[in-house]
Visitor: 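Have a look at this one.
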Amino acid sequence: MAPRYWLFKSEPSAFSLDDLKASPGGVAPWDGVRNYQARNLLRDEVKVGDGVLFYHSSTDPVGVVGIAEVVRDGYPDPTAWDPESDHPDPKSTPDNPRWYMVDVRYVRHFARTVTLAELKAAPALKDMKVVQRGMRLSIQPVTAREWAAVLGLAEGGRRAIGESALGR
DNA sequence: GCCAACGTTGGC
DNA sequence: GCCAACGTTGGC
């Protein structure tokens with residue numbers, strides 16, 4: 001099965017790409033997702049080896065700052081039943097988990113942020129989920145074509161596509 | 001800080 | 001099952 005691509009949103013004040021890079025082995029769980037549509041993707045669709053566009057929201061500028069890679073398939077998010085966590089949900093229990101997460105590994109920062117404004121301005125990305133009006137989903141599917149186009153915007157001058165890890 | 005868009009809750 | 005009220009997201 002060919003790897004797929006995703007866009008993961010995070011507020012950098014909560015968890016940034018730098019935070020992922022600084023995690024042990026560059027690996028961290030993508031916990032705290034509390035939306036059913038995003039949960040279903042994490043539980044059923046996001047798989048080891050998939051590429052992740054790391055998107056910073058609610059900052060200036062908003063946009064894609066780099067890439068990560070999925071290193072563990074979906075599994076129950078234990079922060080849901082931790083009352084001390086940032087997103088406790090007493091309706092989720094170890095016996096009957098409601099929320100799921102995957103583990104991701106840092107790959108690299110782009111040389112610069114590819115801003116939402118740039119994504120919106122790129123004709124090749126006009127159908128990309130993140131540029132659609134009212135699109136709040138925090139885990140979004142990205143096509144191979146969109147993935148390549150975003151990397152092209154970030155690093156096009158450096159022939160990055162196909163050249164390095166996840167540069168496919 | 002504003003507010004549009006969307007998701008969830010809960011009364012009925 | 002409807003839908004109003006409310007809460008959250010997230011760009012601007």
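Throughout, a chain's letter reflects where its sequence line sits, starting with A, and its residues are numbered from 1.
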Visitor: Restricting to salt bridge (Lys or Arg N to Asp or Glu O under 4.0 Å), what partner residues turn up for A:Glu11, sequence neighbours left out?
Guide: none
Visitor: Heavy atoms, side chains only, cut-off 4.5 Å: are A:Arg34 and A:Thr79 in contact?
Guide: yes
Visitor: So do the side chains of A:Leu53 and A:Leu151 get within less than 4.5 Å of each other, counting heavy atoms only?
Guide: yes
Visitor: Summarise protein proximity over nucleotides 3-12 of chain C in one line of letters, 5' to 3': B for base, S for sugar-phosphate only, - for none, counting protein heavy atoms closer than 4.0 Å.
Guide: ----BBBSSS
Visitor: Using only heavy-atom distances, determine whether the side chains of A:Arg43 and A:Tyr75 contain a donor-acceptor pair under 3.5 Å.
Guide: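 The criterion, which ignores hydrogens and geometry beyond distance, is not satisfied for A:Tyr75 and A:Arg43.
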Visitor: My understanding is that only residues two or more places apart in sequence, or in another chain, count here; which of them pass side-chain hydrogen bond (donor to acceptor under 3.5 Å, both in side chains) with A:Asp44?
Guide: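 So A:Asp44 forms no side-chain hydrogen bond (donor to acceptor under 3.5 Å, both in side chains) with any residue.
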